[in-house]
Amino acid sequence: VHAETLEDRCQVAAYACQRRTPLAHKNQLLTEALETVAEEALFRGSEGRGLAFSRAASVLKSFPWTVRSVKDLSSLPGIGEHSRKIIQEVLEDGASAEVENVRQSERYQTMKNFKKIFGVGVKTAGRWYQEGLRTISDLQAHHAKLNSAQQVGLLHYRDLNSPVKRSEAEAIVQVVQKAVDQFLPGASVILTGGFRRGKQTGHDVDLLITHPTEGQEMGLLSKVVSWLDSQGFMLYHSTHRNSFQPLEDEELSVSATTMDRFDRCFSIFCLSSMTEEPGCELKGSGGAHHRKAVRVDLVVTPYSQFSFALLGWTGSKNFERDLRRFSKYEKKMVLNSHTLYHTEKKIFLSAASEEEIFQHLGLDFISPEQRNA
Ligand code: 8DG
Ligand code: MN
Ligand code: MN
């Protein structure tokens, strides 16, 4: 029998999908520092550097102890020279000069604020910064060009940047379930994303919709979205076509007039609720009517792809990225939110549960609560 050494037990696996990463971890100060420089790198268009810092932070999130010295890092994979230097500064001085400079820089702060507008990415934020714009009011004063998504984003800036509570997410599940029930009884609405990983708040609500009879879900999303819109639940929506059609030419298979193949919707909901003031538990008994704009991602999936969609939309982003990297480089398989394809056997591997996908990949099952990489 192979005796497990202390070193074996302290070993941290190279891919996030091989590690258990809880929501609450022991190295917050370090991961926040690394994630700041990761974000700054992305703001500068350095994807590679951003990824490297982000990976180092992710490794620390899975580490079961608080790192006290750089010597603790010798058992950890994926922590490069630069990350090590930042960690050392935080450990020795309580803060890293480099990280503090980033946090205080006008460029970083401005980019962060612009990116908080729904529909604004690094490219747009960077262009505005180059043009000398610095604040949200500068955008209005200088008549910055905004597309329709960004205009709605600006209009609901405060709401969309205040955390979505689990109770709000659950209220939205109910609304969407009610819409779905009218067009396709028996279809289910499942809460995924960060909430499924156990987060108590999120930046949006990620919902999967499916029906146990394959094919019944066709055309459902456009009906649901139209109904929600007609009932005043939608402040903005933009539907997208399924990105995966293995047997057909994507461009040719879509008729310009039908929305049947649209299966994703990025939207902003208008959630109304009565404020819970003591003594006004009944609707209409004097409580104030409160409305809040909430980002909602709706995804419709055929039943045969449900497990892949569930795994793909639960996240975290680091976990998903490493699942795909692991599949490709360690297993010669291609994983996405629809299928798993074995490139050498040239077959699609089916799965009726997330557990089966992990089995196909030869991975231990990691529960959603442990995917906070
Ligand atoms: P949060 O909203 O609580 O802040 O965190 P989150 O729920 O983890 O982040 P998210 O941005 O809502 O993303 C949730 C998952 O959704 C993420 O792990 C990857 C997945 N996802 C996208 N966009 C797309 C996409 O275009 N296609 C697929 N297949 N998955 C996507 O965010
Ligand atoms: Mn989310
Ligand atoms: Mn989302």
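Just follow the structure's listing: the first ligand is 1, and inside any ligand the first atom is 1. Position 1 is the first residue of the sequence; numbering continues from there.
Atom numbering of ligand 1 starts at 1 in the shown order; those under 4.0 Å from a heavy atom of D206 are 7 (O), 12 (O). Close approach to G193 involves these atoms of ligand 1, each under 4.0 Å from a residue heavy atom: 7 (O). Near R264, meaning under 4.0 Å from one of its heavy atoms, ligand 1 places the atoms 25 (C), 26 (O), 27 (N).
In this structure, F43 has its ring center closer than 6.0 angstrom to the ring center of Y108. Note: Y236 and F266 fail the aromatic proximity criterion, with ring centroids not under 6.0 Å apart. Note: F53 and H82 meet the aromatic proximity criterion, with ring centroids under 6.0 Å apart.
For D206, the N/O/S atom at the shortest distance from the Mn ion (ligand 2) is named OD2. The atom of D204 that is an N, O or S and sits closest to the Mn ion (ligand 2) is OD1.
Taking any N or O of D297, backbone or side chain, none lies under 3.5 Å from an N or O belonging to ligand 1. In terms of polar-atom proximity, F266 is not counted as a contact of ligand 1, lacking any N or O under 3.5 Å from an N or O of the ligand. Any N or O atom pair closer than 3.5 Å counts here, and T314 shares no such pair with ligand 1. Between E320 and ligand 1, not a single N/O pair is under 3.5 Å apart.
In this structure, F306 and Y303 have parallel ring planes: the angle between them is below the 30° cut-off, well short of the 60° mark. Below 30°, between 30° and 60°, or above 60°: for Y15 and F326 the angle between ring planes is above 60°, a perpendicular geometry.
In this structure, R295 falls outside the shell of residues with a heavy atom less than 4.0 angstrom from ligand 1.
A salt bridge is absent between E168 and R291; no separation between the charged side-chain nitrogens and carboxylate oxygens falls under 4.0 Å.
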